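To start, the structure under review is shown below, and the notes come after it.
In each ligand, atom 1 is the first atom listed, and ligand 1 is the first ligand listed. Just so it is clear, the model here is predicted, and its values are computed rather than measured.
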Amino acid sequence: MKKRLSCKVALALVMLFTGASQIKAQDISARFPLVPYPQTLTAGTGLFVINAQTVIITSGNKFRSEAALLNEILHNKLSLKNTGTPTEKNAIQLVDDQTLSAEEAYRLQITPQHVVIKAKDGAGAFRAIQTIRQLLSAGIENKQQALPSQLSLQALTIEDEPTYAWRGMHLDVSRHFFSVDYLKKFIDLLALYKFNKFHLHLTDDQGWRIEIKKYPKLTEEGAWRTFNNQDSVCMKKAADNPDFVIDPKHIVQKSGKTIYGGFYTQEQMKDVVAYALARHIDIIPEIDMPGHMMAAINSYPFLTCNGENSWGKVFTKPICPCNESTFEFAQNVFDEIMQIFPSKYIHIGGDEVDRTDWGKSEVCKAFMKKEGIKDLAGLQAYFINRMEKYFNSKGRKLIGWDEILDGGISPTALVMYWRTWVPKAPVEAAKNGNQVVMSPGNPLYFDTPPDRNSIDNVYHFNPIPKGLTDAEAKGIIGAQANLWTEYIPSENRADYMYMPRMTALAENLWTRNHNYNSYLTRLTRQYQRLENLHVNYRLPDFDGLVEQSVFLDKTVLNLKKPLPNTTIHYTTDGSVPTVKSPELTAPLTITKTSYIRLAAFKPNGVAGDLYNLRYTQQSLATPVAKAGVKNGLLCSYYPGEYKSATLMAGKPAKETFVVDSLTVPKAITAPSFGLRYQGYFEVPQDGIYSFYLTCDDGGVLKVANRNVVDNDGWHAPIEKSGQVALKKGLQPVELNFVEGGGGYTLKLKYSVNGSPLQSVPAGWLKH
Ligand code: ACM
């Protein structure tokens, strides 16, 4: 991974991993389970013990608020003073150090005598306090219980600063609504992992969530809706998973109707903003326009060009950029938004605009002629650029999703990149001089259900896209993960979707000190803290589980608990396992075709992912006797929209060519299509082969004319796995893949007789 690495940090890394303290990375992780890991950490000797006499000393009035938050972490048991001697004993001292130049930088020294935090401002001091928090026993997080009696910190020295200026998380409160208390819980977790930006997606077609005094109907009407299709999907899933139950807190009866929704008053939101600011986190409000405005248009139909308010082919109809009244509305709304949110950045959305109605509107035709606007993309750019000037006149900077690049953009807007299938967008934006925040759908849309690979993908995501010089790369100011909530109807489901992969992003963006194995070890030490903070985190995956397993005469299901304090329960009758189902405490021998459903359970009885394991008895498939095969597989291209791979059957291919890998050929850039790969795998030995197929969208794998992996239908990148028993030699293979728009992800890995996972080598592919 290419990363900008300063000489100072490179030297520190060498010392950390090979030098001075002679402590190996894994030992360090066990002793200092910090996430994100600091830029430099040098272990000392001895312990600083916190007791009833320990005092927190501020630099006069400076750092008072941070000191109070440190004391809160310690159950408000310590006393605060605002002066002290430089080497005062039994003190945690916050010292003003203007020699630190980087934003949010801090120095932390812990000795048996005292703890000294040095920072130039509150942000640095606060980040240091979160480091101290993670160095303390997880028991401190349990505010219902007394502070652990033995509280100590191991001696060390840390010099730390963030690699990226923008370390963000996003939450969509429009599709499903989240309480003020939940926003604060979210902010607490952002603080714990040293994030500094909280992007709040406040408005969308499904709900307007912030009070605007000038337009009261936005929330009186726009914050409420009857259940929609997405709710129906959630309700269905709730049969197997209680996290999909729509939060009853946000369901009310009004005029004999059941409606869903809610909104934040301006007073409530100002309180949330202050809560975040005290933790040195900016809340970035997003009021999404000109598209995604159905909730507003319902109440204020004058906003569209033709008064219509409905879904177009894919998106809802946008507000009209050709009427002065639209700008008056937008400016009035943002005036109030700017009163609530002091953030330098304000997000205007700008994504997914169906411009069809603008093209049909006589008003727009006349307007474009008058303004010399060539096309509809130019018209959208006119709207965004005019709003940007308005934001700038109020001292704020505009952010938009990367569609704001279409039709021309000023270099002063910040571009938030999300469309994975438009890889040139962030490159062009950075070359244009725009600041860019990276949040590509893959891997940073955390509404994508997590799987075995998600943490790894987030950890190894490089925010700097290819094709930029070092100077241009400075325009990439960081990254954020987004949590869209169409299918996230509860707080528990939200927790599950972003935790723990958010910690991988935290480490990715904060430190240059990347070491994945060390991170995984440190992550295991975070779970107890998350448990105490009542976070419904996702449990680590079981190693080596395959959904469709095969065996010759018998096989053994042998599982290690994902965390020490969990139990594994299973059923064999097709029912969903509960804590009352049989516990898997020893390896289970399987001698007949079986269907096993299992899950790990946390101590509080909450189930982790449900695993549905099918075991089928097979014999080793006899290979095909065929002479003169050539290298590569045949790949047939099916233009058009196939919602599942099975729908390609019987359709004519446009062309067929030879490929040397099972990936989507770079030359294919159509938004939707199907691909059929056919030929043989020349497998090197007899055995049970496990195949792991990741696709976005769908794919189905057959080997030896047996169904091995069914990962069909349009979806985000998910891995599915299956096994097949094969004899050495040429085995027929067919892989059908469909792309619905945007993913282009196709990966096939295998293992044989339990070997480590590896990519299917080009040498196996024959036709
Ligand atoms: C987006 O996901 N429409 C920004």
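- Residue contact check: W484 has heavy atoms under 4.0 Å from atoms 1 (C), 2 (O), 4 (C) of ligand 1.
- Both tests hold for K217 against Y300: distance to the six-membered ring centre under 6.0 Å, angle to the ring axis within 45°.
- Remark: R501 qualifies as a cation-pi partner of F446 under the 6.0 Å distance and 45° angle criteria applied to the six-membered ring.
- No option in F198, F195, Y182 other than F198 meets the side-chain contact (heavy atoms from CB on, under 4.5 Å) test with I187.
- A distance-only check finds a donor-acceptor pair linking the side chain of Y519 to the backbone of A504 [under 3.5 Å].
- Checking Y417, W401, Y445 against atom 1 (C) of ligand 1, the nearest heavy atom belongs to Y445.
- Residue-to-ligand polar distances place D351 within reach of ligand 1: an N/O pair is separated by less than 3.5 Å.
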